[in-house]
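Note sheet for the following structure.
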Amino acid sequence: MATGDAQIQRAVAILAGARRVGVLSGAGISAESKIPTFRDAMEGLWKSFDPQELATPEAFARNPERVTRWYDFRRRMCLDARPNPGHLALAELERLMNGCGGWVTILTQNVDGLHQRAGSRDVVELHGSIMTWRCCETGEPFHDLPEAFEQYPPRTPAGTMLRPNVVWFGEALPEEAIDRACEVAASCEVFLTVGTSSVVYPAAGFTHLAREHGATTIEINPTETPASDLVDLSIRAKSGEALPMIVAGVRKVLE
Ligand code: BV8
């Protein structure tokens with residue numbers, strides 16, 4: 001693979017010497033699970049729609065049918081997707097660190113639930129989850145959703161509108177998610193940013209916060225991002241390729 005072995009080995013040494021690891025993940029870590037990223041054009045029906053235009057309360061207010069159809073289409077795509085070697089490697093890293101009294105906390109921008117399905121247990125969903133929808137009037141969450149909704153926008157048994165339990169542009173992130181993310185960024189020894197364009201805030205800010213608190217920062221992304229010049233080690237690679245190699249190296253050192 002294109003990634004320099006030296007970079008992989010350097011990442012192994014950094015992680016094997018740490019016990020407190022924070023991870024910021026973005027849509028790129030799910031790309032190898034065939035879930036399109038935000039900045040790649042969506043496939044087929046949604047190709048002509050701009051996610052940033054659809055992922056807003058204004059779009060929902062203007063056209064709840066279109067927005068809920070888009071989210072249900074994505075929800076079913078996530079249900080059909082499988083965790084890829086990148087997700088699985090992070091779950092393995094958590095087990096390795098737990099085994100020596102450490103921790104790995106994943107701050108994910110993704111709403112697809114794939115980190116949890118890969119076995120990661122310490123996951124903070126900064127932008128909520130597409131797998132849960134909530135009543136627009138009461139905020140009551142609905143977890144057991146049908147395979148596909150009968151109508152759009154879907155409704156609760158009481159007839160009120162349901163929306164996906166995600167954070168749209170212009171909406172505040174859940175307070176407890178922000179609090180946990182700040183805690184992780186301020187206390188981790190290593191902060192890995194994986195598969196994110198690092199343009200969406202406040203999520204992208206946690207890499208800066210970790211660095212300000214003295215963490216060693218590593219980026220894994222096939223392309224350059226605004227974080228690339230900020231981090232200590234920027235690995236130009238797909239997460240599904242680099243992470244399994246890095247975690248295999250860490251396992252060799254720790255076991
Ligand atoms: C808020 C959920 C305030 C919905 C999403 C400064 C501070 C605070 C806010 C702002 C600020 N500046 C601007 C803002 C406003 C805005 C913002 O950041 N705008 C950006 C576009 C400039 N932020 C907000 O609105 C946030 N809210 O701050 O509220 C507030 C406070 C109080 C009261 C009221 C309001 C809310 C932001 C959350 C929006 N919701 N998602 C949904 O999923 O539909 S964001 C959305 O973008 C997704 O979560 C996505 O994950 C996220 C970021 O994108 P990425 O994950 O990075 O994905 P992207 O496609 O961009 O990039 C993919 C990367 O993967 C690429 O780099 C690619 O190279 C790489 N890649 C590809 N293949 C691979 C790979 N990497 C590894 N391996 C591969 N194989």
Side-chain angles (χ1 to χ4, degrees), residues 3-26 28-29 85-110 115-116 118-126 173 176-198 200-221 225-255:
T3 312
D5 271 356
Q7 286 191 319
I8 296 291
Q9 292 318 317
R10 199 167 148 224
V12 169
I14 292 166
L15 281 164
R19 293 296 175 269
R20 302 193 305 277
V21 179
V23 183
L24 174 68
S25 71
I29 198 166
H87 296 109
L88 296 168
L90 288 180
E92 161 76 0
L93 185 65
E94 179 182 9
R95 286 190 290 273
L96 285 170
M97 287 295 159
N98 289 174
C100 29
W103 48 263
V104 176
T105 304
I106 299 176
L107 313 175
T108 189
Q109 299 172 89
N110 301 337
H115 283 301
Q116 295 92 324
S120 288
R121 288 168 310 164
D122 194 355
V123 181
V124 179
E125 292 181 318
L126 298 173
L173 277 60
E176 64 280 8
I178 292 245
D179 293 346
R180 281 247 30 227
C182 291
E183 204 184 285
V184 168
S187 58
C188 67
E189 296 164 286
V190 180
F191 194 83
L192 257 177
T193 168
V194 184
T196 179
S197 56
S198 293
V200 172
Y201 281 82
F206 295 119
T207 309
H208 298 259
L209 191 63
R211 190 169 163 67
E212 282 152 23
H213 281 82
T216 304
T217 46
I218 302 172
E219 177 185 54
I220 299 176
N221 193 317
T225 76
S228 301
D229 291 341
L230 171 84
V231 296
D232 298 295
L233 173 61
S234 188
I235 301 177
R236 284 281 157 280
K238 292 185 173 181
S239 45
E241 291 173 9
L243 281 171
M245 293 201 298
I246 292 168
V247 175
V250 172
R251 186 187 318 114
K252 266 206 203 94
V253 173
L254 294 185
E255 284 184 341

Check whether any side-chain heavy atom of I246 lies under 4.5 Å from a side-chain heavy atom of I218, and answer yes or no.
no
Mind listing the closest non-hydrogen atom pair of M245 and E241 along with its distance?
CG-O, 3.5 Å
Out of L24, L126, L192, L90, which one pairs with I106 under the side-chain contact (heavy atoms from CB on, under 4.5 Å) rule?
L90
Which of V123, T196, V194 passes side-chain contact (heavy atoms from CB on, under 4.5 Å) with T108? It is V123
Interatomic distance, D229 atom CG to E219 atom CD [nearest 0.5 angstrom]:
9.0 Å
OG1 of T193 to CD1 of I235: how many Å apart, nearest 0.5 Å?
11.5 Å
Considering non-hydrogen atoms only, spot the tightest contact between A242 and A237 and give its length.
CB-CB, 3.9 Å
Working to the nearest 0.5 angstrom, can you tell me the gap between L243 CG and I220 CD1?
4.0 Å
Taking the side chain from N110 and the backbone from G26, do they hold a donor-acceptor pair closer than 3.5 Å?
yes
Test your reading of the model: is there a side-chain donor-acceptor pair from E189 to the backbone of R19, 3.5 Å cut-off?
yes
Q116 side chain reached by E125 side chain, heavy atoms, under 4.5 Å
yes
To the nearest 0.5 Å, how far apart are CG in L93 and CG in L88?
12.5 Å
Any side-chain heavy-atom pair from R236 and S228 closer than 4.5 angstrom?
yes
Side-chain touch F206/V184, heavy atoms, less than 4.5 angstrom
no
Residues E183, D179; criterion side-chain contact (heavy atoms from CB on, under 4.5 Å); working and verdict
CA-CA 6 Å; E183 204 184 285; D179 293 346; 5.5 Å; no
Note: P226 and S198 closest approach over all heavy atoms is CG-O, 3.9 Å
Among T207, V124, D122, find the residue that satisfies the side-chain contact (heavy atoms from CB on, under 4.5 Å) test when tested with L107.
V124
Return the minimal non-hydrogen interatomic distance between L173 and P202, and the atom names on each side.
CD1-CD, 3.7 Å
Hey, what's the ring geometry for H87 with H115, parallel, tilted or perpendicular (30° and 60° as the breaks)?
perpendicular
What closest approach, in Å, do R121 and E94 show between heavy atoms, and which atom pair accounts for it?
N-OE1, 2.8 Å
Over all heavy atoms of both residues, which pair between W103 and S187 is shortest? Give the atoms and the distance, please.
CZ2-OG, 3.6 Å
R10 bridged to D232 by N-O distance under 4.0 Å:
no
When rounded to the nearest 0.5 angstrom, what is the spacing between CD1 in I29 and CD in Q109?
11.5 Å
